[in-house]
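Worksheet: one structure, shown below.
Along the sequence shown, the residues carry numbers beginning at 1.
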Amino acid sequence: MILISDGRQSEGQAETLAVAAALRGVGAVVYTLGLGADVDRTLLEAVAGDPARYLPAPRAGDLAAVLRAAGDRLLCGR
């Protein structure tokens, strides 16, 4: 699963982390893609369950390349 977000939320972080943990618990691999220059990287890394599965895209123009890189990782099973 790839979640694209800025990670900024005023409430519900505990629920977000619980859902992500449940997904990972049934075998889902969760990647987070931080879109924008002012993302909550810490939250997005926690949602992914591994900092290596957090992918930054500081500008909208970076999105295509980051998604291609994510696809390559998923196809290779990394």
Side-chain angles (χ1 to χ4, degrees):
M1 179 179 102
I2 299 175
L3 170 69
I4 300 173
S5 176
D6 63 4
R8 300 275 174 208
Q9 55 188 89
S10 58
E11 57 186 59
Q13 286 188 4
E15 292 86 355
T16 300
L17 292 170
V19 169
L23 285 168
R24 291 191 312 271
V26 296
V29 178
V30 179
Y31 280 84
T32 55
L33 193 156
L35 182 58
D38 186 30
V39 301
D40 186 343
R41 181 183 183 127
T42 302
L43 175 62
L44 294 176
E45 287 177 348
V47 168
D50 181 341
R53 290 195 303 264
Y54 165 74
L55 307 167
R59 295 175 307 277
D62 299 327
L63 191 56
V66 172
L67 285 171
R68 270 193 303 279
D72 290 345
R73 287 185 189 188
L74 292 170
L75 291 173
C76 294
R78 291 187 252 169

Output the distance between atom [atom1] ([X]) and atom [atom2] ([Y]), rounded to the nearest 0.5 Å.
X     : Y     : atom1 : atom2 : answer
Asp40 : Thr32 : CG    : OG1   : 10.0 Å
Asp6  : Leu43 : CG    : CG    : 9.5 Å
Leu44 : Leu3  : CG    : CG    : 6.5 Å

Side-chain heavy atoms nearer than 4.5 Å, only ILVMFWY residues, links allowed to pass through others: does that put [X] and [Y] together?
X     : Y     : result
Tyr54 : Ile4  : no
Val29 : Val66 : yes
Met1  : Leu17 : yes

Under 3.5 Å: donor-acceptor pair, side chain of [X], backbone of [Y]:
X     : Y     : answer
Arg41 : Gly34 : no
Arg53 : Ile2  : no
Arg8  : Val39 : yes

Residue pair [X] / [Y]: nearest heavy atoms and the distance that separates them:
X     : Y     : value
Ala46 : Arg24 : O-NH1, 3.7 Å
Ala57 : Leu33 : CB-CD2, 3.6 Å
Leu35 : Ala60 : CD1-CA, 4.1 Å

